[in-house]
Trainee: 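I'd like to ask some things about the structure below.
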Amino acid sequence: MAPLIEVSGLRFRYEDGAVALAGVDFHLDAGETVALFGANGSGKTTFVLHLNGLLAGSGSVRVGGREVTGNNLAEIRRLVGLVFQDPDEQLFMPTVIEDVAFGPLNLGLEPAEAVERSRDALEQVGMIDVAGRAPYHLSAGEKRRVAIAGVLAMRPEILVLDEPTTWLDPPGRRHLLELLLRLPQAKIVVTHDTRFARAIATRAVFFERGRIIAEGGVDDLAARFRW
Amino acid sequence: MHYLNLEDWTRRSSPVHAREARVKLAALMVFLIAVGSAGRLPWPVAIALALLLLAGLVAARLPVAGVLLRAGAVLPFGLTLAVVTALAGDLGRGASLLTKSYLSAVAVVLLTATTTLPEILRALESFRAPRLLLLVVQFLYRYLLVLAGQATRMRMAAECRGGRGRRWRFQAAAGSLAVLFGSSRRRADGIYRAMLARGFDGRWPALAPKPFRAADAWFLLIAAGAPLAIRLSPDLPHLGAAWLR
């Protein structure tokens, strides 16, 4: 079976000339959860932004067998749900339900169907009770779960989470872990949290200076790079 | 953390909140034209328009003092114009200018306090407002919140390190303006990316567009007809003058 995501020779340079990705090869198979390790600035976030078509470098990025191009971004963004590190950047509508419905409405669904999907997604993450509340009144953990619901409502086949445990207290972290383990999608998790990665990931890769320099089990890589 | 909230009032429930955004926008336009087209607003007409707005605020179950205070944001500009006009020798026109600008501001606050931004933007879109203008409004509004949040965080961080007092605040604010805009820009970029990631294509989707009902037609008739009738009523100034005597 073809990988869900297949990246080869991906290179990217920011406008100021800084090289962020210097030839990345990567694949993600169905049912897998891959942890991305690496120091700050090693290219992890830049890499995941390519998976959703938010950045476009040279090389090849294929999602669900399709090359990511400017012409199929809507479909790519439906397939790859990207949960950002800072939920405050992701939640911008007046109420939780409107925010979760933002993606489905952009997909062209009718409002009634978008609401139904949004309520399903909020049920899935255990946040249906806050559907009518303003996002900025929620705790960090609640915001994170609502942000995930916003992505789940688009029914993605792949979930990409950028440092999902940032700002979470231990119960929040535990709830997030339980939630992610329940979700059937293949996942890519950018994280510095090895305990979290150990609990969720089936495989890990290590980024350094815009390249993947090692791949293996979470324990192996954590020990090898003293992570 | 709660930085700035412009939308608490729009989440309330009232007969005015329930009305379709297009009729409220149309009524506002008529009100603004009625006020703006009067060269000098006679006091009885001004009082009648103010009472009409007050009725709207009560029907919308909004805090009257809060709305009047928020509309006061227009006073520095209106006051400047009024003073310049008064200095030019026309005190009556100056007072009229100030009154007209304040009444218009209250009417705008009444609309924005009873209608969410996505609803207003969709109404403007259906009135064929330029897409570019609507996009600018969307992002201006969103980034205003970002800027306010960033400013609050920076002020708290500074106060945690002992910065207090008006003079200090002024100096710190001037010094940190560049930092504020720099960090807000980064944050705004992040928000825009997050919107793109969920399929944003420049159109702001509304979850539950309200259907046009008979009540909307009645509302439009009353809310647009009343200011027009007040403005065009030739006897109202004379009646008011007689009453004042």
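Quick note on labels: first sequence line is chain A, next is B, and so on, each numbered from 1.
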Trainee: Are more than 12 heavy atoms, taken from residues, nucleotides or ligands other than A/Arg119, located less than 6.0 Å from that residue's CZ atom?
Mentor: no
Trainee: Examine whether an atom of A/Ile97 lies under 4.5 Å from a heavy atom of chain B, and if so say whether it belongs to the side chain, the backbone or both; otherwise answer neither.
Mentor: both
Trainee: Are B/Arg198 and A/Asp99 within salt-bridge range, i.e. N to O under 4.0 Å?
Mentor: yes
Trainee: Between A/Val100 and chain B, with a heavy-atom cut-off of 4.5 Å, which part of the residue counts as in contact: side chain, backbone, both or neither?
Mentor: backbone
Trainee: Could you pull out the closest heavy-atom pair between B/Ala197 and A/Arg77, with the gap in Å?
Mentor: O-CB, 3.7 Å
Trainee: Is it the backbone or the side chain of A/Phe84 that comes under 4.5 Å from a heavy atom of chain B, or both, or neither?
Mentor: side chain
Trainee: If you count heavy atoms of other groups shown closer than 6.0 angstrom to CZ of B/Phe212, is the number above 12?
Mentor: yes
Trainee: Please classify the contact between A/Leu49 and chain B as side chain, backbone, both or neither, with a heavy-atom cut-off of under 4.5 Å.
Mentor: side chain
Trainee: Would you mind checking which part of A/Leu107 comes under 4.5 Å of any heavy atom in chain B, side chain (CB onward), backbone (N, CA, C, O), both or neither?
Mentor: neither
